[in-house]
There are 2 protein chains.
Amino acid sequence: MIVKQASHPSPEEMTLVTVMGALSDPIRVGLVRILADGRERGWGELRAPIAKSTLSHHLRVLRDAGLTRTRQEGTRCFVELRHHDLNARFPGLLDAVLEAAHNDDVGAHVTVAGDPQPT
Amino acid sequence: MIVKQASHPSPEEMTLVTVMGALSDPIRVGLVRILADGRERGWGELRAPIAKSTLSHHLRVLRDAGLTRTRQEGTRCFVELRHHDLNARFPGLLDAVLEAAHNDDVGAHVTVAGDPQPT
DNA sequence: TTCGTTGTTCGTGAAACATCGAACAAGGTA
DNA sequence: TACCTTGTTCGATGTTTCACGAACAACGAA
């Protein structure tokens with residue numbers, strides 16, 4: 001609704017502590033994992049066992065921390081990971097988190113519509 | 001004290017989300033930075049602008065997450081970073097965090113007695 | 001214009017967290 | 001034994017976070 005187009009922090013505005021806080025929730029880690037392939041995803045594709053207002057909240061935390069970028073297109077919006085910005089700002093951090101999250105299968109209950117459910 | 005000797009999680013018991021949560025506070029990041037040189041530090045050496053009960057709390061969070069190891073010796077105790085365990089469990093993560101924390105000077109208000117104050 | 005879709009915002013409540021001062025427990029020291 | 005030092009634990013308090021349903025706003029379609 002563009003009521004308030006989300007604020008995307010510039011790389012300099014990102015802080016380590018905020019990013020770590022954003023990644024201290026399994027649902028948010030799951031969302032980041034889904035976006036890790038670089039593809040932009042529609043809001044509606046995302047599946048998580050929470051109410052949509054809660055999902056909106058988590059997407060906002062990720063966006064405010066600088067982890068994701070949100071784009072509006074008509075009435076729907078798309079999210080993508082700010083892979084490049086993150087690597088520039090915190091070299092190696094995102095990859096280390098993604099590897100760890102993959103090994104432990106963190107946030108596996110977050111999926112994408114159309115994708116085969118794990119297990 | 002020693003009333004309950006702290007539980008140190010084994011590497012397998014460590015979780016990414018808990019570790020990230022532990023590192024989402026500037027004081028705790030400052031403590032980790034101090035311990036990053038591998039030296040064991042006495043509790044009494046640590047200087048932070050908080051009450052001692054609060055410092056005790058933060059050290060417990062770090063310990064419970066598996067980031068540090070605490071050793072008792074008589075009435076005083078010593079802390080050290082579990083650098084090796086962390087690298088084995090979450091490869092690259094700690095180094096990426098330490099580099100980012102250093103670049104941004106996160107947790108600079110946490111110091112060690114005897115060390116020259118930054119600035 | 002009237003719906004239906006889509007996602008944000010609001011109001012609320014429960015849980016977690018950071019912080020403090022005070023009390024406590026274990027060792028060392030006088 | 002009496003005292004001091006060292007850290008932990010115990011409430012108490014205020015803030016933040018997570019979660020939900022309901023209401024709302026913008027857009028597209030009928």
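Reminder, nothing fancy here: chain letters follow the sequence lines and each chain counts from 1.
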- Message: If I compare all heavy atoms of B:Trp43 with all of B:Lys52, which pair ends up nearest, and what's the gap?
- Response: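 Scanning both residues completely, I find the closest heavy atoms to be CH2-O, 3.6 Å.
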
- Query: Should B:His58 be listed as having a side-chain N or O under 4.0 Å from OP1 or OP2 of C:dC17?
  - Reply: no

- Task: Examine D:dT5: is either OP1 or OP2 under 4.0 Å from a nitrogen or oxygen in the side chain of B:Trp43? Give yes or no.
- Result: no

- Query: Checking all strands, does B:Ile50 fall into the base, sugar-phosphate, or nothing category for heavy-atom contacts under 4.0 angstrom?
  - Reply: sugar-phosphate

- NA contact type, B:His57, heavy-atom cut-off 4.0 Å: base, sugar-phosphate, or nothing? base

Would you confirm whether [X], through its side chain, and [Y], through its main-chain N or O, come within 3.5 Å as a donor-acceptor pair?
X       : Y        : value
B:Arg89 : B:Met14  : yes
B:Arg33 : B:Val106 : yes
B:Arg28 : B:Gly21  : yes

Rounded to the Å, how far apart are [X] [atom1] and [N] [atom2]?
X       : N      : atom1 : atom2 : value
A:Glu73 : C:dT5  : CD    : C1'   : 15 Å
B:Leu55 : C:dT19 : CG    : C1'   : 12 Å
A:Leu59 : D:dA19 : CG    : P     : 12 Å
A:Arg71 : D:dC27 : CZ    : P     : 15 Å
A:Met20 : C:dC17 : CE    : C1'   : 17 Å
B:Leu31 : C:dA18 : CG    : P     : 12 Å
B:Asp64 : D:dT8  : CG    : P     : 11 Å
B:Leu62 : C:dA18 : CG    : P     : 10 Å

Of the candidate nucleotides [options], which contains the atom at the shortest distance from the side chain of [X]?
X       : options                : result
B:Thr75 : D:dT5, D:dA19, C:dA18  : D:dT5
A:Arg76 : D:dG21, C:dG7, D:dC18  : C:dG7
B:Asp25 : C:dA18, C:dC20, D:dA19 : C:dA18
A:Arg60 : C:dT9, D:dA19, C:dG21  : C:dT9
A:Lys52 : D:dC18, C:dT8, C:dT19  : C:dT8
A:Ser53 : C:dG7, D:dT8, D:dG21   : D:dG21

- When the nearest nucleotide of DNA chain C is assigned to A:Phe78 and to B:Gly21 on a heavy-atom basis, which residue is associated with the more 5' position?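 It is A:Phe78, whose closest nucleotide lies nearer the 5' terminus.
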
- Item | salt bridge (charged side-chain N to carboxylate O under 4.0 Å, His left out) pairs, two or more places apart, involving residues 8-17 of chain A |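 Residue pairs with at least one partner in residues 8-17 of chain A: there are none.
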
